[in-house]
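Order of listing sets the numbers, starting from 1, for every ligand and every atom in it.
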Amino acid sequence: MQNNSIIITGATSGLGQELARICIKKGYKTGGTGRRVERLEEMKDELGDLFYFREMDVTQFDDAKKGLIELAGEMGGADIIVLNAGISNIQDKSSVEVEQCVIDVNVSGFVQLFNTAYNYFEKQGHGQIVGMSSIAAYLGYGLSAPYNASKAFISNYMQGYRQKARRSDAHIIITDIKPGFAESEMTEGQKGMFWVAPTDVAARQILKSIEKRKSRAYITRRWRLIAWLIHIVPNWVIDRI
Ligand SMILES: NC(=O)c1ccc[n+]([C@@H]2O[C@H](COP(=O)([O-])OP(=O)(O)OC[C@H]3O[C@@H](n4cnc5c(N)ncnc54)[C@H](OP(=O)(O)O)[C@@H]3O)[C@@H](O)[C@H]2O)c1
């Protein structure tokens, strides 16, 4: 299986942007997307010929799906698609409108592009889809209920598709990335964080996990311990956080 061409959604800041930089350094043909086209243009100047980009809002489903396929075509094909674009509600006062936005980006946008990527790789006969979930997938949390729920959806959804992929003739790998806390625009100024990974450290570990074709990976690795703790803590304790 070829493995030299990668597309990353949400590449205009944070983990996606750093992952794009590291991929270029390692010689991957790299495609980046996001709404802030000026950032993508700056990245093109910084990263050069191996970097391709496409302005994309993942909530504009038809345009986003078309954009993904066109970007892959422009790059001469894609082997890995990283569905990283995501938003959190934590900075905003919660309202049903904010909650809906989180679902539109993190769930509906994810599902639409996941299906496009899956069908593309099925036709191609091989490929790897990487979904950016979170440790937040493991528990509900009052300050970010829609965000945590959206990440639970992503991990569960990918598990289902991993089973489906095993039964398919195509060789499709599905990698669930579960970061704890990492420095990014999303977490800037957020209180109560611990074990916060520098963006470049987190991005390097993400790429390593992708290259090892893991089914799931904790970023950084010590977050596996927190995942295990959440599983053994009784619900009545979690309900009182
Ligand atoms: N940082 C952490 O501690 C942490 C922990 C667990 C999971 N994660 C996950 O990691 C991913 C990256 O987050 P980050 O921390 O790097 O945050 P970030 O710096 O805020 O980056 C988010 C990216 O998503 C893109 N995006 C947001 N809404 C979009 C939309 N409607 N259409 C297209 N792109 C959109 C943004 O691009 P534009 O604004 O240009 O569109 C940006 O490039 C997210 O899925 C997040 O949930 C992060």
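The nearest heavy-atom contact from the protein to atom 25 (C) of ligand 1 is Gly10 CA, 3.6 Å. With respect to atom 44 (C) of ligand 1, the closest heavy atom belonging to the protein is Asn84 O, 3.3 Å. Among all protein heavy atoms, the one lying closest to atom 8 (N) of ligand 1 is Tyr147 OH, 3.6 Å. Looking only at heavy atoms of the protein, atom 43 (O) of ligand 1 is closest to Thr12 OG1, 2.7 Å. For atom 19 (O) of ligand 1, the closest heavy atom belonging to the protein is Ser13 OG, 2.8 Å. In terms of protein heavy atoms, atom 9 (C) of ligand 1 is closest to Met132 CG, 3.6 Å. At the shortest separation from atom 26 (N) of ligand 1 among protein heavy atoms lies Ala85 CB, 4.0 Å. At the top of the distance list for atom 1 (N) of ligand 1, counting protein heavy atoms only, stands Ala182 O, 3.1 Å.
Met56 is listed as a side-chain neighbour of Leu113, based on a closest heavy-atom distance under 4.5 Å. Using a 4.5 Å heavy-atom threshold, the side chains of Leu207 and Cys23 count as touching. By the 4.5 Å heavy-atom criterion applied to side chains, Ile226 and Phe194 are counted as neighbours.
For Ala202, the closest heavy-atom approach to ligand 1 does not fall below 4.0 Å. Proximity of Glu18 to ligand 1 is not established, as no heavy-atom distance is less than 4.0 Å. Look at Ser133 and you'll find a heavy atom under 4.0 Å from some atom of ligand 1.
Here is the list of ligand 1 atoms found below 4.0 Å of a heavy atom in Ile87: 27 (C), 28 (N). Of all atoms in ligand 1, listed by their number and element, those nearer than 4.0 Å to a heavy atom of Gly14 are 16 (O), 19 (O). Residue Arg36 approaches ligand 1 through these ligand atoms, each under 4.0 Å from one of its heavy atoms: 36 (C), 37 (O), 38 (P), 39 (O), 40 (O), 42 (C). Contact atoms of ligand 1 toward Thr187: 1 (N), 2 (C), 3 (O) (distance under 4.0 Å to a heavy atom of the residue). Near Phe181, meaning under 4.0 Å from one of its heavy atoms, ligand 1 places the atoms 3 (O). Atoms of ligand 1 lying under 4.0 Å from at least one heavy atom of Gly86, given by number and element, are 22 (C), 24 (O), 27 (C), 44 (C), 45 (O). Residue contact check: Gly180 has heavy atoms under 4.0 Å from atoms 3 (O), 5 (C), 6 (C) of ligand 1.
Under 4.0 Å from ligand 1, the heavy atoms of Ala11 that appear belong solely to its backbone. Both the backbone and the side chain of Asp57 come within 4.0 Å of ligand 1, judged by heavy-atom distances. The proximity of Leu15 to ligand 1, defined as any non-hydrogen pair under 4.0 Å, involves the side chain as well as the backbone.
Residue Glu183 places no N or O, backbone or side chain, under 3.5 Å from any N or O of ligand 1. The distance criterion of under 3.5 Å between nitrogen or oxygen atoms is not met by Gly16 with respect to ligand 1. On a distance-only criterion, Gly34 and ligand 1 share no N/O pair closer than 3.5 Å.
Under the 3.5 Å distance criterion, the side-chain polar atoms of Asn148 are matched with a main-chain donor or acceptor of Leu139. The backbone N or O of Ile135 sits nowhere less than 3.5 Å from a side-chain atom of Lys151 that would complete a donor-acceptor pair. Using modelled atom types, one side-chain atom of Arg162 and one backbone atom of Ser215 make a donor-acceptor pair closer than 3.5 Å.
For atom 33 (C) of ligand 1, the choice among Met56, Gln190, Arg39 with the nearest heavy atom turns out to be Met56. Proximity annotation for atom 14 (P) of ligand 1: of Ala197, Gly109, Ser184, Ser184 comes nearest, heavy atoms only.
One distance of note links CG of Asn115 with CZ of Phe61; it measures 11.5 Å at 0.5 Å rounding. One distance of note links OG of Ser144 with CD of Glu99; it measures 10.5 Å at 0.5 Å rounding. Ile174 contributes atom CD1, which lies 14.0 Å from atom CZ of Arg213 (distance to the nearest 0.5 angstrom). Atom CE of residue Met158 and atom OH of residue Tyr118 lie 14.0 Å apart, to the nearest 0.5 angstrom. Annotation: the span from Leu68 atom CG to Thr33 atom OG1 amounts to 7.5 Å, rounded to 0.5 Å.
Using a 4.0 Å cut-off between charged nitrogen and carboxylate oxygen, Asp62 and Lys66 do not count as a salt-bridge pair. Using a 4.0 Å cut-off between a side-chain N of Lys or Arg and a carboxylate O of Asp or Glu, Arg39 and Glu42 do not qualify as a salt bridge.
Criterion: ILVMFWY side-chain heavy atoms under 4.5 Å apart, direct or through other members. Under it, Val37 and Val105 are not part of a common hydrophobic cluster. Linking ILVMFWY side-chain heavy atoms closer than 4.5 Å, directly or via other members, places Val201 and Leu19 in two distinct hydrophobic clusters.
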